[in-house]
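Following: one structure in structure tokens, then a few remarks.
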Amino acid sequence: MKTLRDVGIGETATIVKLHGEGAVKRRIMDMGLTKHTSVYVRKVAPLGDPIEVTVRNYELSIRKADAEMIEVE
């Protein structure tokens with residue numbers, strides 16, 4: 001299983017499944033990270049947290065813990 005955290009800088013991935021439950025999953029979906037959405041990884045902070053991505057034509061920073069809940073291909 002490849003997660004959003006495993007995607008390298010400058011690569012694009014497509015979301016396959018969201019893991020997590022309840023409010024956490026809802027928050028991820030509210031940010032526009034839904035199934036079949038393309039995500040481009042722009043930058044990763046020096047210590048690896050947070051990750052800056054482009055999704056639905058806007059930039060978004062997400063934590064490593066949240067990125068691990070997003071399965072991609």
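Note that the coordinates shown come from a computational prediction; the quantities given were computed from them, not determined experimentally.
Closest of all the heavy-atom pairs between T37 and V55 is CG2-CG2, 3.5 Å. Between G32 and R56, the shortest heavy-atom distance links the atoms O-NE, 2.9 Å. The minimum heavy-atom distance between D49 and R63, with the atom names listed, is OD1-CA, 3.3 Å. The two residues M69 and G20 make their nearest non-hydrogen contact at SD-CA, 4.3 Å. Here the closest non-hydrogen pair linking E73 and V16 is CG-CG2, 3.5 Å. Annotation for A67 and I51: closest pair CB-CD1, 3.9 Å, computed over non-hydrogen atoms.
Residues forming a side chain to side chain donor-acceptor pair (under 3.5 Å) with R27 (at least two apart in sequence, or on another chain): D66.
Put simply, the side chain of V39 reaches to within 4.5 Å of the side chain of L4, judged on heavy atoms.
With values rounded to the nearest 0.5 angstrom, M1 atom CE is found 5.5 Å from E71 atom CD. With rounding to the nearest 0.5 Å, the separation of CD in E68 from CD1 in I62 is 10.5 Å. Interatomic distance, E11 CD to I9 CD1, rounded to the nearest 0.5 Å: 9.5 Å.
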Point to revise | From CA spacing to verdict: side-chain contact (heavy atoms from CB on, under 4.5 Å), I70, L18 | key: CA-CA 5 Å; I70 303 169; L18 298 175; 3.9 Å; yes
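For the side chain to side chain contact (heavy atoms under 4.5 Å, CB included) criterion with V53, the lone passing option out of V44, V7, L60 is L60.
Atom NZ of K2 sits in a crowded spot, with more than 12 heavy atoms from other residues, nucleotides or ligands closer than 6.0 Å.
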